[in-house]
Number of protein chains: 2
Amino acid sequence: MDGVTVAENTDAERAALLRFVERFALVLRESGMQPMPARVFAYALADDADRYTAAELADGLQVSPAAISGAVRQLVQIGFLVREREPGTRSDLYVLDDGQLWTRFVTAELQALRRFEDVVAAGIEQLGADRPGGRRLVETQEFFAFLGEVLADAVTRWPEERERRRLG
Amino acid sequence: MDGVTVAENTDAERAALLRFVERFALVLRESGMQPMPARVFAYALADDADRYTAAELADGLQVSPAAISGAVRQLVQIGFLVREREPGTRSDLYVLDDGQLWTRFVTAELQALRRFEDVVAAGIEQLGADRPGGRRLVETQEFFAFLGEVLADAVTRWPEERERRRLG
DNA sequence: AATGAGCTTCACACATTCGTGAAACCTCTG
DNA sequence: CAGAGGTTTCACGAATGTGTGAAGCTCATT
């Protein structure tokens, strides 16, 4: 696979890739992701390998190994990357598992939603529901619950939708 | 309504409110909102008034009027707050319109999704779809399209869902 | 056990972001 | 048209966040 990676990387294509990575990462940052994890994710998504060592990521993104270390830890924790180890080798491999990639994304969103629900529930308990602001909080709670259901439903439907779109 | 506002605000309740505002704002920040807009939104949501002057917001949140100015501008632009003016008064009034509050939230999310789609589409055009990374980008594009449809559908269903939850 | 490649941790310098205070600017009242 | 209440703009100081370099650590190989 190294042969392929090298073959595609004319300077121009490499530069175009990095420009895209930077643009995509910027949008991800606007949604709350940190700069370095956003870049690593965008890079792993858009480049052609299906597994990356930390060194390859550092090299490809032109950043220090230290920066990669922190970024992949977070991405692994969220579930965007899976850490693997080939027996008899010293370097970790990071792979973004194609099949479940975007279901994992929604799952992460769902966890964020859960945090919303928790905070709002605590607020209602603390501040009371029987006043104008309290009623708004209750409605907020109900909305987040609804949105959670909608997203959970979307996750289960995505695999078949994905197939349909691939064919249609 | 001023009477009500003052009446509820024992020091303890006021402090509890501000604690909640800070917690809620923190979660909003993690989703990409800026600190001050997040606080203002949380405060306007959780406190009991249904309209706030900039001075009231500054006072309630213990921050400078300058900070409010920037925050409300953004919130108005997103659609979370509506700016009003009572005839014969010198101060603007900011109201979060209860009815459409959370549909506006999803609408904002949809605009963010749109930005994703645009960036990814440009990336595909620039980098090509006929390679491993390109295929992932195409799938990404399709996923965002799907998610957009799901959210748009959720927005239209929320009003009736809201009623159902209120009664059930 | 010793070696060395590779990953991680830590302290630091740089950059960015945030909220304030003061002054300018409207806009309604008298 | 003068005056004042209220909002906005601007430059600044403080705080926060970000990525790097160097040292430390882990683990497969010899």
- Query: Would you call the rings of A:Phe146 and B:Trp158 parallel, tilted or perpendicular, where under 30° means parallel and over 60° means perpendicular?
  - Reply: parallel
- Task: Could you pull out the closest heavy-atom pair between A:Gly79 and A:Arg104, with the gap in Å?
- Result: O-CD, 2.6 Å
- Query: Which of residues 69-92 of chain B have a heavy atom under 4.0 Å from DNA chain D?
  - Reply: B:Ser69, B:Arg73, B:Arg83, B:Arg90, B:Ser91, B:Asp92
- Query: What residue among B:Val63, B:Leu45, B:Leu96, B:Leu61 forms side chain to side chain contact (heavy atoms under 4.5 Å, CB included) with B:Val40?
  - Reply: B:Leu61
- Task: Describe, in one word, how the ring planes of A:Phe20 and A:Phe24 are oriented to each other, choosing from parallel (under 30°), tilted (30 to 60°) and perpendicular (over 60°).
- Result: parallel
- Query: Between B:Arg83 and B:Tyr94, do the side chains contain an N or O donor and an N or O acceptor separated by less than 3.5 Å?
  - Reply: yes
- Task: Take the protein atom CG of A:Leu57 and the nucleotide atom C1' of C:dC7, then report the distance between them rounded to whole Å.
- Result: 13 Å
- Item | A:Glu161 and A:Arg165 ion-paired at < 4.0 Å | yes
Could you pull out the protein-nucleic contacts involving nucleotides 16-20 of chain D (nitrogen or oxygen on both sides, under 3.5 Å)?
unit_1: D:dG19; atom_1: OP1; unit_2: A:Arg39; atom_2: NH2; d: 2.2
unit_1: D:dT20; atom_1: OP2; unit_2: A:Ser64; atom_2: N; d: 3.1
unit_1: D:dT20; atom_1: OP2; unit_2: A:Ser64; atom_2: OG; d: 2.8

- Within a radius of less than 6.0 Å around CZ of B:Arg164, do more than 12 heavy atoms belonging to other residues, nucleotides or ligands occur? no
- Query: Do the ring planes of B:Phe80 and B:Phe41 sit parallel (below 30°), tilted (30 to 60°) or perpendicular (above 60°)?
  - Reply: tilted
